[in-house]
> 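Attaching a single structure in structure tokens format; questions to follow.
The basis for the numbers below is simple: all heavy atoms, side chains too, and nothing from hydrogens, waters or symmetry mates.
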Amino acid sequence: MQRIKPSVVILVVALGLGWCADFLFYDKNIGVSVLIFVLLVLAALFGLSRLEKVKLAPRNWWLIIPLLFFSTMLLVRANATLTFFNLVAIFALLGLLIFFYAAGRIERLTLLDYPVVFAVTTKQMLTQAAPLVTAELQIALTQRARLRPLLRVVRGLVFAVPVLAVFTVLLASADTVFAKYVGDVAQMKFFNSLPDTIFQILLVLAVGWLTAGSLVFSYSRQQGSESGNGRTAVPGILSLHGRVGFVEAATILFLVDLLFVFFAWIQFTYLFTGKAARTMNYEVYRDYVRTGFGQLLVAAALTMFLILGLHWMSKLATPREKLGFNLLSTLMIGLAFVMLLSAFERAVTWENVQFYINTDTRLYIRAFMVWLALTFLWLGITLWRKPERFAIGFLIAILGWLVTVNVMNPDEDVARYNLTHYQQSEPDLSTRYLYLLSDDALPVLVDSLTKTTGAVQTNIRHELSYRLFVMENDPRRQNWQSFNVAHAQAYDMLERLKATGQIQ
């Protein structure tokens with residue numbers, strides 16, 4: 001019995017995944033479908049690797065854990081912003097897994113290597129399927145005997161047409177429902193759905209093409225994937241290392257440190273001691289804490305990239321130069337912590353002013369500040385020990401931030417905060433922006449029906465009634481591929497409220 005070639009199996013599996021993508025995602029809401037598709041991709045990647053005799057590099061196994069976590073969060077959370085970030089994380093992690101499946105060390109990438117890895121992976125996904133398909137077509141054309149079964153099928157179709165016509169006429173005359181469908185076909189009504197059909201076919205082919213390219217590329221990187229210096233070999237990196245001398249770099253760091261020291265002195269003198277709040281007019285103080293918050297976060301982030309950029313570009317020839325650079329950079333990291341502390345203080349102060357409306361952005365930024373501080377700490381450690389390991393910590397910090405905000409459930413926190421703070425004093429503010437919240441907030445809103453009165457309770461009833469109306473009239477919600485825990489729980493709660501007459 002002739003054995004099927006691995007290339008043919010890859011193409012068949014890739015087309016199968018393309019069909020799965022169409023079945024799971026076309027005209028469906030985001031839900032359990034993403035987790036299922038990721039599991040299918042992983043199964044194909046692991047299963048076909050045995051056929052190709054390729055093994056996963058054990059040191060890169062950890063990429064699968066956050067990949068499955070964010071896929072699961074798309075099943076659990078309904079927040080649109082989190083959904084977007086989770087999808088971006090999934091695509092990024094899949095790209096890294098494809099590149100590092102069989103070889104390489106992800107912890108040896110620099111920050112500049114990451115965009116190059118994604119660019120290279122994308123290019124290979126687009127191009128690696130072409131040689132595979134071309135080779136199989138050439139083999140099929142050169143071996144005409146392989147085409148004979150197909151030609152016989154075509155000949156059989158030609159002979160079957162008159163036979164089908166006779167039986168179709170007889171069966172149509174015997175059954176009116178069958179005759180109706182035959183009439184629809186005869187009048188070419190199926191052409192009404194032709195654009196959708198064409199789009200689905202293109203979707204299957206596109207996903208199949210990209211999947212085949214991904215599989216071929218991931219299996220091809222087995223040997224020679226690391227350079228002689230131990231770094232993962234990534235083509236296309238622009239090297240500017242050594243273009244700036246120590247004196248120039250130290251001058252920049254010293255002057256910026258001097259500026260930051262003066263700023264830190266002002267923070268300890270005016271903000272942290274409460275002097276600004278005591279001496280400034282209330283409206284001026286509100287603007288003072290509100291307008292400086294975002295700028296400080298940007299300044300802190302730029303500080304990190306300034307240190308990294310100077311370290312990358314500077315020529316530190318002697319141990320004394322390295323020591324001086326590290327001391328100035330460490331001082332800058334400490335002053336950056338002061339900026340983050342000032343930004344946090346301003347955020348807390350702003351949340352306590354009158355008419356403050358809580359949003360999920362507040363939680364995103366709070367978590368961002370914490371993880372940015374941890375990233376600065378990691379930068380300080382790697383600066384003295386292994387500078388090339390900073391990038392992997394930076395990646396973990398990004399993933400950690402996204403894990404944190406997923407676990408925090410921002411919409412639920414926003415709903416609880418606004419309803420608690422403004423129910424009595426400003427009832428309109430507590431419910432004005434409920435329509436912006438996803439179904440993650442439904443447990444809080446439903447629970448608040450028994451804890452609120454008057455206009456607040458009326459607004460919540462109207463919001464819940466409208467949400468139920470939207471759900472009942474969403475045909476995509478009925479598809480199991482669109483199943484989402486938050487949506488399902490929200491629908492069940494709203495149905496019970498309607499059954500008891502609490503909402504319409």
> Please enumerate all residues that pass side-chain hydrogen bond (donor to acceptor under 3.5 Å, both in side chains) together with Glu321, with sequence neighbours excluded.
none
> Quick test of your reading of the model: are Asp413 and Arg362 salt-bridged, counting only N-O distances below 4.0 Å?
yes
> Give the table of side-chain donor-acceptor pairs shorter than 3.5 Å for residues 373-381, with sequence neighbours excluded, one pair per line with atom names and distance.
residue : atom : partner : partner atom : Å
Thr375  : OG1  : Trp371  : O            : 2.6
Trp378  : NE1  : Arg389  : O            : 3.2
Trp378  : NE1  : Phe390  : O            : 3.3

> With a sphere of 6.0 Å drawn around NZ of Lys28, does it hold more than 12 non-hydrogen atoms of other residues, nucleotides or ligands?
yes
> Output all residues satisfying side-chain hydrogen bond (donor to acceptor under 3.5 Å, both in side chains) with Tyr26, sequence neighbours left out; order by chain, then residue number.
Asp196
> Donor-acceptor pairs under 3.5 angstrom involving side-chain atoms of residues 75-96: please list them, not counting sequence neighbours.
residue : atom : partner : partner atom : Å
Arg77   : NE   : Asn406  : O            : 2.8
Arg77   : NH2  : Asn406  : O            : 3.0
Asn79   : OD1  : Thr81   : N            : 2.8
Asn79   : OD1  : Leu82   : N            : 2.9
Asn79   : OD1  : Tyr364  : OH           : 3.2
Asn79   : ND2  : Asp360  : OD2          : 3.3
Asn79   : ND2  : Asp411  : OD1          : 2.9
Asn79   : ND2  : Asp411  : OD2          : 3.0
Thr83   : OG1  : Asn79   : O            : 2.8
Asn86   : OD1  : Asn406  : ND2          : 2.9
Asn86   : ND2  : Leu82   : O            : 3.0
Asn86   : ND2  : Asn406  : OD1          : 3.1

> Would you please name every residue forming a side-chain hydrogen bond (donor to acceptor under 3.5 Å, both in side chains) with Glu412, sequence neighbours left out?
none
> For Tyr491, give me all partners under ring-ring contact (aromatic ring centres under 6.0 Å, His included), at least two apart in sequence or on another chain.
none
> Going through the distances and angles, do Thr330 and Trp384 end up as a side chain to side chain donor-acceptor pair (under 3.5 Å)?
CA-CA 9 Å; Thr330 302; Trp384 291 91; 2.9 Å; yes
> With sequence neighbours excluded, what pairs up with Phe260 under the ring-ring contact (aromatic ring centres under 6.0 Å, His included) test?
none
> Just to verify, what does Gln124 make a side chain to side chain contact (heavy atoms under 4.5 Å, CB included) with, not counting sequence neighbours?
Val120, Thr127, Gln128, Phe217
> Considering residues at least two apart in sequence or located in another chain, which fulfil the side-chain hydrogen bond (donor to acceptor under 3.5 Å, both in side chains) criterion with Glu107?
Arg105
> According to side-chain hydrogen bond (donor to acceptor under 3.5 Å, both in side chains), does anything in residues 248-262 pair up with another residue at least two apart or in another chain? List the pairs.
none
> Does Glu472 pair with Arg467 as a salt bridge, N-O distance under 4.0 Å?
no
> Taking ring-ring contact (aromatic ring centres under 6.0 Å, His included) as the test, write out the residues that go with Phe46, two or more places apart.
Tyr101
> Which of these, Leu297, Thr303, Val298, sits in a side-chain contact (heavy atoms from CB on, under 4.5 Å) with Met339?
Thr303
> With a 3.5 Å cut-off and sequence neighbours excluded, list the donor-acceptor pairs that the side chains of residues 61-74 form with protein atoms.
residue : atom : partner : partner atom : Å
Ser71   : OG   : Leu67   : O            : 2.8
Thr72   : OG1  : Leu68   : O            : 2.7

